[in-house]
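Note that ligands are numbered from 1 as they come in the structure, with each ligand's atoms numbered from 1 the same way. The structure displayed is predicted, hence computed values, not measured ones.
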Amino acid sequence: MSHMISHSRRLRDTPFTPGVEAAGVKGYTVYNRMLLPTVFESVEADYHHLKTHVQVWDVAVERQIELNGPDASRLMQMLTPRDLSRMQDDQCYYVPVTDQRGGMLNDPVAVKHSDTRWWISIADSDLLLWVKGLAIGAGLNVEVFEPDVSPLAVQGPKAEALMERMFGSAVHDIRFFRQKRLPFASTSFVVARSGYSKQGGFEIYVEGTRHGMALWEALFKAGEDLNVRAGCPNLIERIEGGLLSYGNDMTAENTPLECGLGKFCCPAEGIDFIGRDALAAELASGPARQIRAISIPGEPVIPPRTAWLLFKDGLRAGQVTSAAWSPDFATNVAIGMVEAGHWQDGTELTVETPQGARLARVQERFWA
Ligand code: THG
């Protein structure tokens with residue numbers, strides 16, 4: 001199967017698209033109606049490079065929702081079961097966002113600037129509409145809008161070295177999931193130690209589309225001898241690390257407990273979020289299914305385009321939603337939603353792939 005994607009104004013370029021194209025991008029997906037690179041050299045070559053060197057990723061698709069005004073923190077807490085009461089002004093939190101049934105609407109990173117100003121760095125769903133509707137419906141005194149802010153990620157074992165060259169030794173003082181505003185040329189950017197890989201690194205929140213390519217060029221110039229390359233979130237690496245993909249591994253049909261995000265849920269008195277009663281009830285009964293690491297031994301699989309059904313003795317036992325061959329672990333690594341009763345480490349199920357039935361082994365832990 002071979003096809004192209006037709007481009008128009010509805011499918012947005014990013015501030016870094018000229019750099020991505022010049023670097024020879026080979027594949028894109030669509031995310032928040034914007035282009036997200038998926039392949040440069042090959043998914044496997046990109047994977048080895050990410051785990052050895054340093055990459056610059058155009059993750060502008062992680063659009064920001066800005067909450068600005070006296071009720072910003074109240075609105076932020078309405079959105080998520082995670083307790084935000086002790087969050088500092090320089091912290092970033094990975095937060096489930098739930099509806100009134102406890103269904104996951106998104107799994108963004110919340111970036112706190114102050115009690116009256118937040119960014120929500122979203123995954124692939126139309127969260128802006130939900131947040132605007134809530135603010136208006138609840139009569140809150142807060143502006144809700146998409147600012148001109150585009151994340152650029154610097155990921156890999158040499159990310160720290162490259163970032164020091166760009167922003168100086170201040171980068172060493174940024175702890176995991178903390179952010180700091182650092183000067184660059186005539187402007188400054190919020191820089192956080194975060195990113196959608198387990199290789200370590202930073203995310204630069206580029207404020208102002210016009211600054212995008214200048215930053216891109218400067219990173220490649222500064223990192224030449226570090227073997228810096230253009231990269232992107234890597235399918236194999238993120239499965240090994242157990243990083244979930246909204247729309248793939250979970251949807252609004254799943255709760256945070258099903259997603260294994262129970263540690264981020266605090267359905268207590270005084271934490272006023274949408275879906276609290278539903279989550280409190282589910283905490284008491286336990287989730288009916290849950291995300292698990294799954295290995296599929298044997299020949300490499302072709303990554304799924306639809307969910308692959310899981311069976312135990314002919315009965316449904318869940319589904320596999322992400323899978324890829326892992327060169328480092330010499331097995332297919334996968335993420336699936338497994339029905340209660342089949343969660344024990346080593347449980348053997350059958351997964352129906354388009355190429356036929358395969359053994360699927362449930363694991364207690366991810367690979368990295
Ligand atoms: N960075 C930023 N925005 C984002 C993403 C990102 N928006 C979309 C998408 N990614 C949101 N999803 C995730 C999923 C996982 C993580 C971050 C965003 C993540 N998880 C770590 C883990 O699971 O090990 C840490 C979680 C924690 O302990 O807080 O980093 O990547 N800006």
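- Summary of contacts: the protein heavy atom closest to atom 13 (C) of ligand 1 is Tyr94 CE1, 3.4 Å.
- No side-chain heavy atom of Tyr93 sits under 4.5 Å from any side-chain heavy atom of Phe177.
- Protein heavy atom closest to atom 23 (O) of ligand 1, with residue, atom name and distance, is Leu243 CD2, 3.6 Å.
- Regarding atom 6 (C) of ligand 1, its nearest protein heavy-atom neighbour is Glu62 OE2, 3.3 Å.
- Annotation: Arg82 places no N or O atom under 3.5 Å from an N or O atom of ligand 1; distance criterion only.
- Checked against a 6.0 Å centroid threshold, the rings of Phe184 and Phe189 count as neighbours.
- Scanning the protein heavy atoms around atom 9 (C) of ligand 1, the nearest turns out to be Tyr31 OH, 4.0 Å.
- Glu41 contributes atom CD, which lies 10.0 Å from atom NE2 of His48 (distance to the nearest 0.5 angstrom).
- For Trp118 and His113, the gap between ring centers reaches or exceeds 6.0 Å.
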* Let me see the working for Ser322 and Asn248 under side-chain hydrogen bond (donor to acceptor under 3.5 Å, both in side chains), right down to the final yes or no. => CA-CA 7 Å; Ser322 297; Asn248 284 319; 5.2 Å; no
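- Taking a 4.0 Å cut-off on heavy atoms, Tyr205 registers as neighbouring ligand 1.
- Residue Ile65 holds its CD1 atom at 14.0 Å from CG of Asn68, rounded to the nearest 0.5 Å.
- Looking at Asn234, its side chain does come within 3.5 Å of a backbone N or O of Glu237 through a donor-acceptor pair.
- The ligand atoms of ligand 1 that sit less than 4.0 angstrom from a heavy atom of Gly195 are 30 (O), 31 (O).
- For ligand 1, the polar-atom distance check against Ser121 finds a nitrogen or oxygen pair separated by under 3.5 Å.
- Looking at Phe264, Tyr246, Tyr196, Phe366, it is Phe264 that brings a heavy atom closest to atom 27 (C) of ligand 1.
- Of the protein's heavy atoms, Glu203 OE2, 2.8 Å lies nearest to atom 1 (N) of ligand 1.
- Atom 11 (C) of ligand 1 has as its closest protein heavy atom Asp107 O, 3.0 Å.
- Using a 4.0 Å cut-off between charged nitrogen and carboxylate oxygen, Asp328 and Lys51 count as a salt-bridge pair.
- To the nearest 0.5 angstrom, Arg165 atom CZ is 9.5 Å from Lys158 atom NZ.
- Scanning all protein heavy atoms for the shortest distance to atom 30 (O) of ligand 1 gives Phe177 CZ, 3.5 Å.
- When hydrogens are left out, the protein atom nearest atom 24 (O) of ligand 1 is Lys198 NZ, 2.4 Å; that is the closest non-hydrogen contact.
- Using a 4.0 Å cut-off between heavy atoms, Ile122 contacts ligand 1 through its backbone alone, with no side-chain atom that close.
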